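Structure first, then comments.
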Amino acid sequence: MVKVFDSRDPAYRSPYGAVTQNTEVSITFCPFRTWNLSKVSLMVWYDLRGEMVEIPMKWHAARGEQDVYKATISTTDTLGPLWYHFEMHRKDDTLLYYGNNHRVRGGVGDIYQSDPAGYQLTVYLPEYTVPDWYGNGVTYQIFPDRFHRLSVPDPKGRVGDRIVHQNWDEFPVFGPNEHGEVMNNDFYGGSIAGVHSKLEYLYDLGVTTIYFNPIFEAASNHRYDTADYMKVDPMFGTMEEFTALCKEAKEKYGIRVILDGVFNHTGFDSRYFNGRGTYPELGAHQSKESKYVNWYEFTEWPNAYSSWWGVYTLPQVNESHPDYIDFIVSNQNSVVRSWIRAGASGWRLDVADELPDFFIEKLRDAIREENEEAILIGEVWEDATSKVAYGARRHYLLGRGLDSVMNYPFRNALISFLRGEDAREFVENMECLRENYPRLAFFSLMNHIGTHDSHRALTALGCDDSDYQLPKHERAHKRLSPAQRFLALARIKLASAIQFSFPGSPLVYYGDEAGMEGFEDPFNRLGYPWGRVNKSLLEWYRRLGNARRNSEALRSGDIRWLYAKEGLLVYERTSEHERVVIAVNASIEPIEWTLPWQQAMATDLMSGRSIRAEKGALALSLEPMTALFLL
C-alpha cells in the first residue's frame, strides 16, 4: 500500500510512540504530486500551553508519484498529549488537510476538507520509572468476603447491621429492603486466614501479586464505604494476620500484596462522618466542631453534602484539604505509609479520575519513600493518556503519578474479538494504546477480562446479547445453557491465553479460573466454589501460569503482530534470549497457516507437543478455538 503518512511506521514518524520530554520527533509526509501543493505545514496543538504552532515542512525529495516533506516536532518544556495534523496549500489557493483516520486510531490517516482529526503524541518525563516485578507477573484479584472462610464469623459488635450467611453457597441478597434501599450488608465471612490457607493454590496458578478489594473496616460487604482506614475489618482479620500473610506470601511464594485505596469518599457510617453515631468521637455529620468536618463539602449541614454519584452512604471528601492530605498521604504515620510498612507492596486507586493529579503525585512519592519498589495502579476505564475528567486533562500517567492503569480497553476489545469481531479490530485497539502510552506504563498494565465491576468473563463470552436486557431478578439466577457454556469455556481459554502472553500483568478475577458465572454486582461476587471447580479450566490456567513463569519472552518481551484477520490472530513476544509465537484460532473452523521458522523444531509450551519445521517454515494446522505458544 502506498502511504502518505503512518504514525506507526518509523519511516514516517520516529521515534515510535510516546516520547520523553525534550525528544525531537521526526515527521515525514509524502503527499501525491497530483494534489498540486504549493506549501505544506505541520500544525501542532500543544495542549499544556493551549497553543497551536505552525511548523513549515521542507521539501526533501521526490519519490515516484509523491513528494517527501520533513519537519521536526519539539517537545521541549511540554508535557502530556500533543496533537498534530498536516495543512496543505494548493496552487489554486484552496486548502486540504491530512489527519488521523476517522476512527482516531493512529496509523494511516485520512484527507479532510476541514476540521481534521489530530494524531496524538504523548510526552512524558524522562525520570518515569516503574518497578518491573508487577508487569512481569500475574495478578489475582480477591473480593475479600467471598474467596475463602475457615469458620462462620459472628457479626455482633461490628459496624453496620450485618447479616451472615451460614451456608457458603447461599445466594446473595440483591433486592431493596422495605425502605427501598439496597444495603449490601450480607456477609459470607471470607478471611485473611482463609486466603493464607490458599497461598499454595495461588502459587500453583503462577500468581505473583494478590490484589485485594478494600479490606478496611466498613459497614458493607464490598467495603468501598470505608469506616476506619487504619483498621482491618474485624470480620476479615487483624493487622497482625495481614502482616503475617504479606510476609509469608512474599518470602515463601514470591507473592506480593496490593491494596485498594478508596480515597475519594468515605462511608456514611464511619469514624470520620459518623452518620449513625457508631463511633464515640464526633464525626462531621454530628458536629461542626468535629475535626473531620472540613473533609466534606456540605451545602446545608448536616444532611446536604456532596457524595459519590449521589449515593448518600458515600460522602465525598475534599482531597485538597491539608488535614485530609496529611492523614492519607503526608504524615509519617499516614494511611498509605502505614499499610506499606505493614507489608503491602502497593496500591490500586479507586476512581483515580476523581482524585486530583497533585494528590496522586504526593501519594506516589510517599509510598516510594517507604518502599522504592511499591507500585501504584489507577482505575481508569479509557485511554489514560488523553483522559479529561471534570473539565481538566489528566496528567497522572506521565511519570509523577500512576505507574499504570487497569486495562478496560483490553477487556472490551478481547471479548469482542472472541465473540466474532475481526482480529484486526483487536490489533488496532491495542496498537492505539501502545502508540499513546509510555512504554513502561504499557508493559505494566493490569490486563483483566473481568473484575468486581463487570460481568463475569465466562458470562460475557457466552451469553446472548438479549440476556443483558432481562429484568434484574432474572439476570440474578440466569446461567448459560449447556451449549453456551461449552462455547464460553472454549473462549475463556483463548482469552486467558492472550492475557498471559500480552505485555503487562494478566489479572485473574477470583473464580474465573474455576468457571464461575454471573452478571453484574452482586451476581459476579458469589463465593468461590471450593470442591466444585471446572477441573479442565483450572488446569489450563495452571499451565498458563507455568508457561509465563518460565518464559522471559512472555513476561517482558517486545510484541510484534504477525497476522490478524477474521478469527486468526498471530503475534510474537521476543526477548534477548527467547522468541515465543502465539497463534490463536478463535473461529469454529480449522485454519491452515504457514509460519516462517528457522529452527528445526518448535515446541508448544501449553501441550509440550513438538512440531517439525520443513524448508524454513512450520505448517500449522490450527483446530477450532485453540491457541499455541510456539517456542
Side-chain angles (χ1 to χ4, degrees), residues 130-142 195-196 198-211 245-258 345-346 373 375 377 403-404 407 410 414 440 442-449 457 492-514 533 535-559 571-584 602-610 627-631:
V130 178
D132 61 7
W133 61 263
Y134 181 76
N136 286 350
V138 175
T139 303
Y140 192 85
Q141 181 185 355
I142 292 178
V195 176
H196 207 142
K198 295 296 183 181
L199 285 178
E200 189 166 344
Y201 168 82
L202 296 176
Y203 177 80
D204 289 343
L205 279 177
V207 171
T208 57
T209 304
I210 295 172
Y211 153 44
L245 170 70
C246 293
K247 180 177 174 61
E248 181 167 340
K250 186 176 180 181
E251 292 181 357
K252 184 175 180 179
Y253 297 100
I255 298 175
R256 291 175 167 90
V257 173
I258 64 174
S345 293
E373 289 196 328
I375 196 80
I377 305 293
D403 291 314
S404 197
N407 198 354
F410 174 84
L414 182 55
L440 290 175
F442 185 78
F443 277 77
S444 302
L445 286 165
M446 183 183 274
N447 296 323
H448 60 87
I449 57 174
I492 200 171
K493 287 183 177 181
L494 301 187
S496 53
I498 295 171
Q499 251 194 313
F500 277 68
S501 59
F502 201 78
S505 178
L507 178 141
V508 180
Y509 181 46
Y510 84 101
D512 276 356
E513 78 280 14
V533 303
K535 293 180 180 179
S536 173
L537 184 59
L538 179 58
E539 178 55 31
W540 173 260
Y541 269 90
R542 284 172 171 159
R543 278 186 279 154
L544 285 172
N546 186 62
R548 186 172 174 110
R549 175 181 283 145
N550 293 306
S551 170
E552 178 187 49
L554 293 180
R555 290 194 307 273
S556 60
D558 288 330
I559 186 170
Y571 55 98
E572 66 178 10
R573 298 290 306 279
T574 54
S575 63
E576 184 179 359
H577 305 292
E578 190 178 58
R579 175 186 184 229
V580 178
V581 173
I582 299 89
V584 176
T603 301
D604 177 22
L605 295 178
M606 295 303 294
S607 66
R609 180 169 64 98
S610 296
L628 299 176
F629 285 31
L630 300 172
L631 175 67

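Values in this document were obtained by computation on a predicted structure and should not be read as measured data. Residue numbers start at 1 and run along the sequence shown.
With sequence neighbours excluded, the residues satisfying salt bridge (charged side-chain N to carboxylate O under 4.0 Å, His left out) with R256 are E373. Remark: Y140 pairs with F147 by the ring-ring contact (aromatic ring centres under 6.0 Å, His included) rule, at least two apart or across chains. E251 is linked by a side-chain hydrogen bond (donor to acceptor under 3.5 Å, both in side chains) to K247, counting only residues two or more places apart in sequence or in another chain. Legend: residues meeting salt bridge (charged side-chain N to carboxylate O under 4.0 Å, His left out) with D558, ordered by chain and number and at least two apart, are R439. For the ring-ring contact (aromatic ring centres under 6.0 Å, His included) test, no residue two or more places apart in sequence or in another chain qualifies with Y134. For R579, the side-chain hydrogen bond (donor to acceptor under 3.5 Å, both in side chains) partners are E572, not counting sequence neighbours. A search for side-chain hydrogen bond (donor to acceptor under 3.5 Å, both in side chains) contacts involving K493 returns S536, not counting sequence neighbours. Checked against salt bridge (charged side-chain N to carboxylate O under 4.0 Å, His left out), D512 has the following partners two or more places apart in sequence or in another chain: R456. Remark: S444 pairs with V130, S404 by the side chain to side chain contact (heavy atoms under 4.5 Å, CB included) rule, at least two apart or across chains. Under the side-chain hydrogen bond (donor to acceptor under 3.5 Å, both in side chains) criterion, S607 pairs with D604, sequence neighbours left out. Residues satisfying the side chain to side chain contact (heavy atoms under 4.5 Å, CB included) criterion with A627, sequence neighbours excluded, are L494, A497, V584. The side chain to side chain contact (heavy atoms under 4.5 Å, CB included) test applied to R549 returns Y203, not counting sequence neighbours.
Distance NE2/H448 to CD/Q141: 8.5 Å, rounded to 0.5 Å. Expressed to the nearest 0.5 Å, how far CG of L537 lies from CD of E513 amounts to 7.5 Å.
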